[in-house]
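Beneath this line is the structure, given in structure tokens, with notes to follow.
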Amino acid sequence: AALKPGQISKLVQSKFGYHIVQRLTYAQAKDEYEKSFAQVVGVNAERAYMAKLDSESNIKVNSGAAAQAKVAALDPGSHRKDNTVLASYKDGNLTVSRYLTWLDGMPPQQNITQQIQQAPDSIIQIFLRSLAGQEVMLKRADSLHIVLSPAEQTAMSAGYLQWVTGGWTSLGVDPHA
């Protein structure tokens with residue numbers, strides 16, 4: 001017999017194993033749907049915004065930028081004031097100096113310098129393009145005078161950590177190994 005809203009089944013066996021099933025009430029199901037729908041809408045809106053921002057910003061990674069990025073990561077002290085352009089975008093450039101600032105912001109346990117040295121140039125180009133995209137977003141936020149609340153700063157830090165972890169995956173390395 002079918003479960004009534006709010007009921008929990010006895011132990012049920014299927015070809016996938018054993019399960020306990022709970023039929024949600026209408027209010028519970030509606031609440032879960034609204035949460036997931038809002039999240040999906042938010043993700044889609046963010047993707048659309050980022051795609052628009054990306055196309056408008058016209059990011060171009062310079063030839064030889066990956067090699068320059070590797071050299072600068074090995075000897076950051078000699079490149080702190082290096083204004084060599086690694087990537088350009090509408091209304092700005094990602095310079096070696098700014099690239100090093102981004103690297104400085106990454107947790108030491110990531111061993112980013114080592115990861116950069118081991119990564120193929122094609123991955124470094126993607127990484128530089130991503131950093132240039134972050135620069136574009138920061139400039140856009142500054143131009144709109146956006147100020148983050150403490151909760152938003154915490155959420156942004158968590159998002160940054162996810163972004164960095166994605167970078168690890170892209171580079172094919174595990175900093176904890």
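Only heavy atoms go into these numbers, but all of them, side chains included; no hydrogens, no water, no symmetry mates.
With hydrogens and angles left out, the side-chain atoms of Thr84 and Asp82 include a donor and acceptor closer than 3.5 Å. Residues Ser36 and Gln39 bring no donor and acceptor atom of their side chains to less than 3.5 Å of each other. Using modelled atom types and a 3.5 Å distance limit, the side chains of Ser14 and His19 yield a donor-acceptor pair. Defined by atom type and a distance below 3.5 Å, a donor-acceptor pair is present between the side-chain atoms of Ser78 and Asp75.
Taking CD from Gln109 and CG from Asn111, the interatomic distance works out to 8.5 Å, rounded to the nearest 0.5 Å. In this structure, Met106 CE and Gln115 CD are separated by 9.0 Å, a value rounded to the nearest 0.5 Å. For the atom pair His79 NE2 and Ser97 OG, the distance stands at 11.0 Å (nearest 0.5 Å). Between the CD1 atom in Ile59 and the CG atom in Asp54 there is a gap of 5.0 Å [rounded to 0.5 Å]. The structure places NZ of Lys70 at 9.5 Å from CD of Gln118, a figure rounded to the nearest 0.5 Å. The CG atom of Asp31 sits 8.5 Å away from atom CD of Gln28, with the distance rounded to the nearest 0.5 Å.
Tracing side-chain contacts under 4.5 Å through hydrophobic residues (I, L, V, M, F, W, Y), one reaches Leu138 starting from Val96; they form part of the same cluster. Neither Leu128 nor Val85 shares a network with the other; the hydrophobic side chains, linked directly or stepwise wherever heavy atoms of I, L, V, M, F, W or Y lie under 4.5 Å apart, form separate groups for each. Follow the hydrophobic side-chain contacts under 4.5 Å out from Ile123 and you reach Leu103 in the same cluster. Hydrophobic clustering (side-chain heavy atoms under 4.5 Å, transitive across Ile, Leu, Val, Met, Phe, Trp, Tyr) groups Tyr160 together with Trp168. Linking ILVMFWY residues whenever their side-chain heavy atoms come closer than 4.5 Å, directly or via other members, leaves Leu3 and Leu11 in distinct clusters.
Across Leu100 and Pro76, no two heavy atoms sit closer than the pair CD1-O, 3.7 Å. Listed here is the closest heavy atom pair of Ala132 and Leu94: N-CD2, 4.0 Å.
Ring pair Trp163/Phe127 is parallel by interplanar angle, where below 30° counts as parallel and above 60° as perpendicular.
Between the side chain of Ser57 and the backbone N or O of Leu53 there is at least one donor-acceptor pair closer than 3.5 Å.
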Criterion side chain to side chain contact (heavy atoms under 4.5 Å, CB included) on Val12 and Ile20, from CA distance to verdict
CA-CA 6 Å; Val12 178; Ile20 296 175; over 6 Å; no
Please determine whether salt bridge (charged side-chain N to carboxylate O under 4.0 Å, His left out) holds for the pair Glu135 and Lys139, giving the CA-CA distance in whole Å, both sets of side-chain angles, and the decisive distance to 0.1 Å.
CA-CA 6 Å; Glu135 290 282 305; Lys139 285 182 183 258; 5.7 Å; no
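Applying the side-chain contact (heavy atoms from CB on, under 4.5 Å) rule to Asn58 yields the partners Lys60; only residues at least two apart in sequence or on another chain are considered.
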